[in-house]
Structures are given as structure tokens and as C-alpha cells.
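Right, one structure below, let's go through it.
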Amino acid sequence: MTQIIALAATARDRAGKGTARATRRAGSIPAVIYGNKEKPVMIALDTTKFTREIHRPGFFTHLFDITVDGVTHRVLPRDVQLDPVYDRPLHADFLRVSDTTEITLKVPVEFANVETCPGIKKGGVLNVVRHDIEVFAKAADLPEKITVDLAGFEVGASIHISSVKLPEGVRPTITDRDFTVATIAAPTVKADA
């Protein structure tokens with residue numbers, strides 16, 4: 001299950017380019033919370049705290065509880081616009097979710113037992129085919145990452161999605177085939193001339 005992080009925000013009274021610029025000049029980041037069949041809420045986030053959060057691993061797979069004027073909204077980050085020169089956040093979009101909201105999301109893949117994998121111990125090379133897997137799950141069941149266990153795989157093995165243990169309630173969006181997540185390739189040796 002994904003981690004839920006608390007963030008405080010202040011309400012903005014208007015939307016638009018001029019209001020967003022004024023919010024940035026005041027030292028905050030303009031953002032919007034939308035979805036779940038409710039009215040959008042314009043907010044301003046603390047620049048330092050929000051910048052710290054977006055640089056943490058798995059930012060887009062974490063749920064946030066954003067409190068605005070005493071009301072808490074459970075949200076999932078959908079987009080962050082960055083300054084092209086300074087790489088600072090300019091604006092953020094959050095999707096309001098509930099425990100029953102079903103979401104499609106790309107979840108990063110992590111590999112476990114790399115050092116004990118027989119194929120890699122024999123000189124094989126891990127070839128990652130998919131760095132993230134698009135899954136379909138309820139917001140409460142979203143994983144931060146999908147862990148692929150490499151224990152027992154030999155050189156030449158292909159790790160397919162069917163051999164990956166997905167968390168309860170999580171299923172891949174690609175259902176028509178057993179796609180490859182990674183392979184363990186034989187090492188290439190350069191011949192001396």
C-alpha cells in the first residue's frame with residue numbers, strides 16, 4: 001500500500017495566470033485539486049516543503065492528505081510543471097480520490113535478490129525491459145513500487161509479468177499477453193585480435 005503524506009495548503013480565491021504569478025511572487029506554488037465529482041479547489045503550497053516532496057522517490061505513487069481551511073482532501077499527484085531553466089515547480093495538479101476510486105497508474109519496478117541470482121552470479125547481465133508497469137487498482141491499494149524477485153533465475157531467463165507477485169487488488173492494464181519485465185542475458189565477450 002502506498003504511503004500517505006500530509007501537506008498543508010492555503011486556499012486561493014481565483015484562478016488564472018496573473019493570480020498564479022502573484023502566488024509564486026509570494027513564495028508559494030499554485031496548485032489545483034480536482035476530481036471525485038466535486039468542485040475544483042485552487043490552493044497554494046509551501047515551496048520548500050513541496051519541493052522536498054517532489055524530489056523523493058515515488059512521488060507520483062504516494063497519496064497526500066492536503067488540508068485546506070480545515071478540510072482534508074485525499075489526493076494523488078497527476079502533474080507537476082517545472083521551470084525549464086531552474087527546474088523549480090511552477091504548478092501542480094492533484095486528483096481527489098476516495099478509497100473506492102479506481103486508478104490507472106505507472107508504478108516503478110524494483111529488483112530484489114540481484115546478488116543471489118544464479119544467472120547473474122554466473123556472469124549474466126540483468127536487462128530491464130520495463131522500468132515501470134502500468135497497473136489498475138483502487139487508490140487505497142496502490143503500491144509504491146513493484147518488487148521482482150530474481151532468486152532462481154538462470155542465464156537466458158525471461159521474467160514475465162505472470163511470475164511477478166503483484167499486491168492484492170492490483171492488476172496490470174495489459175491483459176492480452178504475458179509481457180516481459182526483464183531478462184538475464186548471457187555476457188558478451190570481446191575476442192582478442
Side-chain angles (χ1 to χ4, degrees), residues 1-112 128 130-148 166-173:
M1 189 169 125
T2 189
Q3 179 183 0
I4 299 172
I5 301 167
L7 274 179
T10 56
R12 292 189 297 144
D13 54 349
R14 294 181 335 197
K17 202 181 285 188
T19 308
R21 285 182 182 147
T23 303
R24 282 187 215 100
R25 277 193 301 269
S28 298
I29 298 169
V32 63
I33 298 172
Y34 61 89
N36 209 21
K37 299 179 181 155
E38 295 177 35
K39 266 182 78 174
V41 178
M42 304 297 162
I43 60 172
L45 299 166
D46 179 78
T47 303
T48 307
K49 290 178 185 172
F50 185 69
T51 303
R52 189 177 322 129
E53 288 302 327
I54 66 170
H55 288 98
R56 283 185 171 172
F59 171 74
F60 286 101
T61 59
H62 289 152
L63 289 174
F64 289 85
D65 278 343
I66 298 181
T67 306
V68 183
D69 296 335
V71 178
T72 301
H73 303 273
R74 173 84 32 102
V75 297
L76 184 69
R78 294 311 271 178
D79 187 34
V80 176
Q81 297 168 1
L82 299 173
D83 184 288
V85 176
Y86 299 107
D87 207 32
R88 292 186 299 234
L90 295 176
H91 188 273
D93 292 347
F94 294 96
L95 176 66
R96 190 183 290 117
V97 296
S98 65
D99 289 340
T100 59
T101 305
E102 292 188 338
I103 296 173
T104 301
L105 185 72
K106 286 187 177 182
V107 179
V109 176
E110 176 184 82
F111 295 93
V128 180
R130 293 188 181 259
H131 293 278
D132 49 36
I133 298 173
E134 191 172 58
V135 297
F136 190 70
K138 291 187 176 176
D141 297 334
L142 283 173
E144 290 182 35
K145 60 189 173 209
I146 294 173
T147 304
V148 177
L166 293 174
E168 186 73 29
V170 176
R171 62 190 189 279
T173 56

Quiz item: Are the side chain of Arg24 and the backbone of Pro30 linked by a donor-acceptor contact shorter than 3.5 Å?
Solution: no

Practice problem: Using the salt bridge (Lys or Arg N to Asp or Glu O under 4.0 Å) rule, collect all pairs that involve residues 34-61, keeping only residues at least two apart or in two chains. | Solution: Glu38-Arg96, Glu53-Arg56

Self-check item: Those residues that, when tested against Arg12, pass side chain to side chain donor-acceptor pair (under 3.5 Å) (two or more places apart)
Solution: none

Self-check item: Partners passing side chain to side chain contact (heavy atoms under 4.5 Å, CB included) against Arg130 (at least two apart in sequence or in another chain)
Solution: Ile174, Arg177, Phe179

Quiz prompt | Under the side chain to side chain donor-acceptor pair (under 3.5 Å) test, residues paired with Thr10 that sit two or more places apart | solution = none

Quiz item: Among all residues two or more places apart in sequence or in another chain, which pass the side chain to side chain donor-acceptor pair (under 3.5 Å) test with Glu134?
Solution: Thr173

Quiz item: Asp132: what forms a side chain to side chain donor-acceptor pair (under 3.5 Å) with it, not counting sequence neighbours?
Solution: none

Self-check item: Residue pairs passing the side chain to side chain donor-acceptor pair (under 3.5 Å) test where at least one lies in residues 82-95, sequence neighbours excluded
Solution: His91-Asp93

Quiz item: How would you list all residue pairs meeting ring-ring contact (aromatic ring centres under 6.0 Å, His included) that involve residues 16-52, not counting sequence neighbours?
Solution: Phe50-Phe59

Quiz item: Looking at residues at least two apart in the chain, or sitting in another chain, which of them share a salt bridge (charged side-chain N to carboxylate O under 4.0 Å, His left out) with Lys106?
Solution: none

Practice problem: List in chain and number order the residues that pass side chain to side chain contact (heavy atoms under 4.5 Å, CB included) with Thr100, two or more places apart in sequence or in another chain; answer none if no residue qualifies. | Solution: Ser98

Self-check item: Pairing residues for Asp69 by the side chain to side chain contact (heavy atoms under 4.5 Å, CB included) criterion, not counting sequence neighbours
Solution: Ala11

Self-check item: By side chain to side chain contact (heavy atoms under 4.5 Å, CB included) - contacts of Ile66 (at least two apart)
Solution: Leu7, Ala9, Ile33, Ile43, Phe64, Val68, Val75, Phe94

